[in-house]
Amino acid sequence: MDLSDTTDLDLVQEIRDGNTQSFQVLMDRYKNPIYQMAYRMILDPFEAEDLLQVVFLQVYRNLSTFKPQGSFRAWIFTIARNTCLNEIRRRRRKPVKSLDELTSDSQKIPFQVVDHEQQNANQILLQDELVDILGRILKEVPEKQRTALLLYQQENLSYDEISKILGCSIGATKSLIFRAREHLKVRLRPYLNEGAWTPAVFL
Amino acid sequence: MIPIRYQELLEISHQRSLKAEEFVELEKIFCAYPDSRAQWQEDKTMDSLLKQLSVSAPSVDICHRVMHTIQQENMQKCARKQSIFRYLSFFAKVDQPISAIGAAIFLFSLSGVFLINETETFKVDGHNPDYELNSLPGISNSDVPSPDVLQDFAAIIYSAEVEKMIDTDLLSTLASTQ
């Protein structure tokens, strides 16, 4: 049976009825966005993968507490964010030095650039570099602002959904996104004004 | 100061492509606020870069690992349930509802507690006449006179009192004088 077109709520109902195959579909649907979110918060690809596993297990165990009138997407991202925050707090209490920290920064960042087909090689190189810079600048942005921005820009979540995940008002969510964007723009401006990376390249 | 409409159009452009009339509106803003055109370009560059920002995907077997853990947990749960049922089957059949068995055990223990309590109260208060009679020291059924004998008890007492009141000296003096 093809479950790829089934809505999240229908899948949740099927899992509650004992169909574990539906949970597999839900995981396929959310593994990449949640992994990305975990990576952005933890900044460690291996830890992010472990956290992804923990998030899915928590979702499965607590599925009975999910209320169908709410957004499943917001619910699962809330669990993911809380799990990551717990991990960050745990790390602050017991700091662990990762072996990855011995490698250089550029080697460590697993950023990838997608959709290059219609661009020439030079533009691709420039864009790769700028995306790489953006990824590094993004780490400077406070966690809440960064999460809000990426949920909005990359996952296309609504302000309402993001406000529920972050536990703040819609106004505060808009402000977080705006401030994150402003920070990135200010830090990227010197690169954009150099001439090589003209804004037109990206339009 | 760039108008609020600029921000609204920017937000719309994050969700979908702008319509023709929205582009016209945007052009009007560009004409009215010359700096806004550069800002728009900057914002769109930012959007484009953020869309391209992507981290490598998680391992392909991540879902398999999660499913394996879930299956193990389910098996453990089943094993735990079975052991409870095995224990309960000592008292009743496995297919009977647990609540009924629980209720029966509860009622049984409640009635037991009630009976023990009643017996203890009974012993302390001693309301039973047989118990009370037998518990008195030195008295047996044979020592107690019958009710018929005691019927004239008051008259006998009175006559005994009367006997004490008679002045025997006076009577003897009167008898000697005669």
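Convention: sequence-line order gives letters A, B, ...; per-chain numbering from 1. Below, each value reflects all heavy atoms present in this structure, side chains not excepted, and no hydrogens, waters or symmetry copies.
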Examine whether an atom of [X] lies under 4.5 Å from a heavy atom of chain B, and if so say whether it belongs to the side chain, the backbone or both; otherwise answer neither.
X        : answer
A:Tyr159 : side chain
A:Ile34  : neither
A:Leu188 : side chain
A:Arg181 : both
A:Leu138 : side chain

> Which atoms of B:Asp43 come close to chain A, meaning under 4.5 Å heavy atom to heavy atom: side chain ones, backbone ones, both, or neither?
Replying inline: both
>> At a 4.5 Å cut-off on heavy atoms, which part of B:Glu11 comes close to chain A: side chain, backbone, both, or neither?
In response: both
>> Among B:Cys63, B:Pro58, B:Ser59, which residue has the highest count of heavy-atom pairs closer than 4.5 Å to chain A?
In response: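 When all of B:Cys63, B:Pro58, B:Ser59 are compared, B:Pro58 has the most.
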>> If only side-chain N and O atoms count, and only distance matters, is there a donor-acceptor pair under 3.5 Å linking A:Asp10 with A:Thr7?
In response: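 There is such a pair between these side chains.
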> Is there a donor-acceptor contact under 3.5 Å linking the side chains of B:Gln41 and B:Thr45?
Replying inline: no
> Between B:His68 and B:His64, what is the ring plane arrangement, given parallel below 30°, perpendicular above 60°, and tilted in between?
Replying inline: parallel
>> Given 3.5 Å as the limit, does a donor-acceptor pair link the side chain of A:Glu161 with the main chain of A:Ser158, or not?
In response: yes
>> For chain B, which candidate among A:Phe23, A:Tyr60, A:Phe178 shows the most heavy-atom pairs at distances under 4.5 Å?
In response: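 Heavy-atom pair counts peak at A:Tyr60.
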> Atom OG of B:Ser111 and atom CZ of B:Phe106: how far apart are they, to the nearest 0.5 Å?
Replying inline: 10.5 Å
> Of all heavy-atom pairs between A:Ile137 and A:His183, which one has the smallest distance, and what is that distance?
Replying inline: CG2-CD2, 4.3 Å
>> Taking B:Glu27 first and then B:Arg37, would you say they form a salt bridge - that is, a charged N and a carboxylate O separated by under 4.0 Å?
In response: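 Between B:Arg37 and B:Glu27 there is a salt bridge, with a charged N closer than 4.0 Å to a carboxylate O.
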